[in-house]
Each structure stands twice: as structure tokens, then as C-alpha cells.
Amino acid sequence: MRVAEEEKAVLEQVFGSSSSEECDSDGYSESESEWEPISEVNGLWLCPHFLSPRRQSHILSSIQADNWFPSPSINQAMRFGLQHLPSWATPLAHSIRRSVQAQAQAQTHPPPFPLHLLHREPLFDQMIANVYQPGEGICAHVDLLRFDDGIAILSLESSCVMHFTPLSGSLSVPVLLTPGSLILMSGEARYRWKHEINRAPEFQIWRAQPLTQSKRTSITLRKLCPSSP
């Protein structure tokens, strides 16, 4: 109970007064966040409404205040180690843990994160933020093996479609990432599937409708393997 109270205090300090019992001013409640398994990709889960607009704005305002991207030529920022993460990163990880725990208690099938990953400390100790202008994306890849299993990606600003393809085979599984959505990758999704975002118009179509593309910011949280520097 003491740990839960401390996590709540940290979340309120960074994001403002809000809890699983109380809604934000925009109506968001952590208890309402629902996780959806992407059935074609084992170990891939999506929470379409993980962060409220107010909390999204807080993170974006903090990034701007810290001047991570002072010019258009700088579109990536990395932080390694808990002591170097921004003030909102650890509360965000606490919120992920709490949300997954709530899902695990409510469902009979495996939770969005395997329990051995969910209970590690810290949950994440590395962050990378990327800014993509309209038409910019990222090629198909599997994250470096210097990072442990279990990766979280938060999407902010523009919606986009992320495509997942197996290391061997031509199957492509599209996943719609909306502002405030969060995906979790573990197991097969993390090691045996590539993910990419191609923001060319013919690739940014969802349910037969093209997506309007504007600036997109993504926040990826990972944990370094113990042997990594």
C-alpha cells in the first residue's frame, strides 16, 4: 500500500491531481484505459487512449521548455540512466506499470507485459524521443539487442500507421497509433518482428481513408541489458 501511495504522489506531482478513482478535467481516467492485443503479432499490445490530452500537452511542453530540438536538423534526443531521464519519464513508467497490473487483474489471458518484466526495477532506464515531420518515418528494424525485452512506445501529435513484418515472410500487420496511444512489445513482437513507419501517402491509410499527416513526436522507453555500458 505504501508503494502505491508513493507512486500516486509522484504522478500527481508531475501530471497534476489525478488517480484511478478520479478523472482529469478532460474526462480521462486511468481505470478506463483498455489494452488490446494485436492478435497477429504475439507480444504486441495497444492502449489507444493511454494518456489524456492534458498529460500529452504536459510532456510536449516539457520537451519544448528543455529545448531538446533547437533546430529542424535536430530531431532526436536520447537519455541513459535514471538520473538523466526527464522528470516525467519515471512517473510515466509508474503509470504503465499500474495500468498493466490493472489489466492483469481484470483478465484471464496473459497481461500486456510478462510479469517478470513488469516487476523489474527500474522498469525502464533509457529513453529516446524522435520528431518526424510530414512524410518522415523510420525504416523497418528490430531494436538493438543491447536493450532488454519489453519496450514501450508513446505516440504524440499526428496519428500514423505503424507496420509490423516478421523477420522472415511478407505479412504486414498495420497498427493505428493515435495521439496519446501506447504500444508494448515483448517476446516475439520485440525480437522476431520488425516495425516501421512509412509516411508516404500510400502507406498512411486506415480503413480505406488517408490520414492527414502533421508533425509527430514519439517517446520510446527501454531498459539496457545488465551487460550494456
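We use all heavy atoms of the structure for the numbers below, so side chains are in, but hydrogens, waters and symmetry mates are not.
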(message) For the CG atom of L118 and the CD atom of Q103, what is their distance to the nearest 0.5 Å?
(response) 12.0 Å
(request) Report yes or no: does S158 contribute a side-chain atom to a donor-acceptor pair with the main-chain N or O of S214 at less than 3.5 Å? (result) yes
(request) Calculate, to the nearest 0.5 Å, the distance between atoms CD and OH belonging to Q76 and Y132 respectively. (result) 7.5 Å
(request) Look only at the side chain of E34 and the backbone of C47, and say whether a donor-acceptor pair between them is shorter than 3.5 Å. (result) no
(request) Verify the cluster assignment for L92 and L117: are they in a single hydrophobic cluster under the rule of side-chain heavy atoms below 4.5 Å apart? (result) yes
(message) Looking at every non-hydrogen atom in both residues, tell me the closest pair between Q133 and R199 and how far apart they are.
(response) O-NH2, 2.6 Å
(request) Check each of I151, D125, L123 against K223 using the side-chain contact (heavy atoms from CB on, under 4.5 Å) test, and report the only one that passes. (result) D125
(message) Taking CD in Q64 as the centre, count heavy atoms belonging to other residues, nucleotides or ligands within less than 6.0 Å. Is the count above 12?
(response) no
(message) Are I153 and L144 linked, directly or through intermediate hydrophobic residues, by side-chain heavy-atom contacts shorter than 4.5 Å (ILVMFWY only)?
(response) no
(request) Would you check if the side chain of S61 reaches a backbone N or O of S57 as a donor-acceptor pair within less than 3.5 Å? (result) yes
(message) Please tell me whether I219 and I96 are part of a single hydrophobic cluster in this structure, the criterion being side-chain heavy atoms less than 4.5 Å apart.
(response) yes
(request) Only counting residues at least two apart or in another chain, list the ones meeting salt bridge (Lys or Arg N to Asp or Glu O under 4.0 Å) with R120. (result) D148
(request) Measure the CD-CD distance between E157 and Q56 for me, rounded to the nearest 0.5 Å. (result) 9.0 Å
(message) Quick check for you: to the nearest 0.5 Å, what is the distance between T90 atom OG1 and L82 atom CG?
(response) 5.5 Å
(request) Please round to the nearest 0.5 Å and tell me the distance separating atom CG of N130 and atom CD1 of I197. (result) 9.5 Å
(message) A side-chain contact here means heavy atoms from C-beta on lying under 4.5 Å apart; do W35 and L184 qualify?
(response) yes
(message) Please give me the minimum heavy-atom distance between A77 and W68, naming the atom from each residue.
(response) CB-CE3, 3.9 Å
(request) Keeping the roles fixed (side chain from Q204, backbone from V161), state whether a donor-acceptor pair exists under 3.5 Å. (result) yes
(request) State, with a plain yes or no, whether a side-chain heavy atom of P174 is found less than 4.5 Å away from one of H163. (result) yes
(request) For the pair W45 and I38, evaluate side-chain contact (heavy atoms from CB on, under 4.5 Å) and give the outcome as yes or no after the intermediate values. (result) CA-CA 6 Å; W45 288 73; I38 307 302; over 6 Å; no
(request) Quickly, which of V41, V173, L171 forms a side-chain contact (heavy atoms from CB on, under 4.5 Å) with P166? Name it, please. (result) L171
(request) Can you see which heavy atom on Q213 is nearest to which on S159, and at what distance? (result) NE2-O, 3.4 Å
(request) Locate the shortest heavy-atom distance separating S99 from F50; write the atom from each residue and the value. (result) CB-CE1, 3.8 Å
(request) Report yes or no: does S95 contribute a side-chain atom to a donor-acceptor pair with the main-chain N or O of P91 at less than 3.5 Å? (result) no
(request) Any chance you could lay out the side chain to side chain donor-acceptor pair (under 3.5 Å) test for H141 and H195, step after step, and finish with the verdict? (result) CA-CA 6 Å; H141 69 285; H195 54 281; 3.2 Å; yes
(request) State the CZ-NZ distance between R192 and K194, to the nearest 0.5 angstrom. (result) 13.5 Å
(message) With a 4.5 Å cut-off on side-chain heavy atoms, are L44 and E188 touching?
(response) no
(request) Taking all non-hydrogen atoms of both residues into account, name the closest pair between C160 and R216 and its distance. (result) SG-NE, 3.4 Å
(message) Between Q126 and R222, do the side chains contain a donor N or O and an acceptor N or O under 3.5 Å apart?
(response) yes
(message) Applying the side-chain contact (heavy atoms from CB on, under 4.5 Å) criterion to T217, which one of I59, L60, L154 satisfies it?
(response) L60
(request) Determine the minimum heavy-atom distance between P112 and V100, stating which atoms define it. (result) CD-CG1, 3.9 Å
(request) Measure the shortest side-chain to side-chain distance between Y191 and L145 over non-hydrogen atoms and say whether it is less than 4.5 angstrom. (result) yes
(message) Would a single hydrophobic cluster contain both M162 and F203, if residues Ile, Leu, Val, Met, Phe, Trp and Tyr are joined by side-chain heavy-atom contacts under 4.5 Å?
(response) no
(message) For a 4.5 angstrom cut-off between non-hydrogen side-chain atoms, does L176 reach L46?
(response) no
(message) Taking the cut-offs as 6.0 angstrom to the six-membered ring centre and 45 degrees off its axis, would you call R55 and W88 a cation-pi pair?
(response) no
(request) Treating Ile, Leu, Val, Met, Phe, Trp and Tyr as nodes and any side-chain heavy-atom pair under 4.5 angstrom as an edge, say whether F113 and L115 lie in one connected cluster. (result) yes
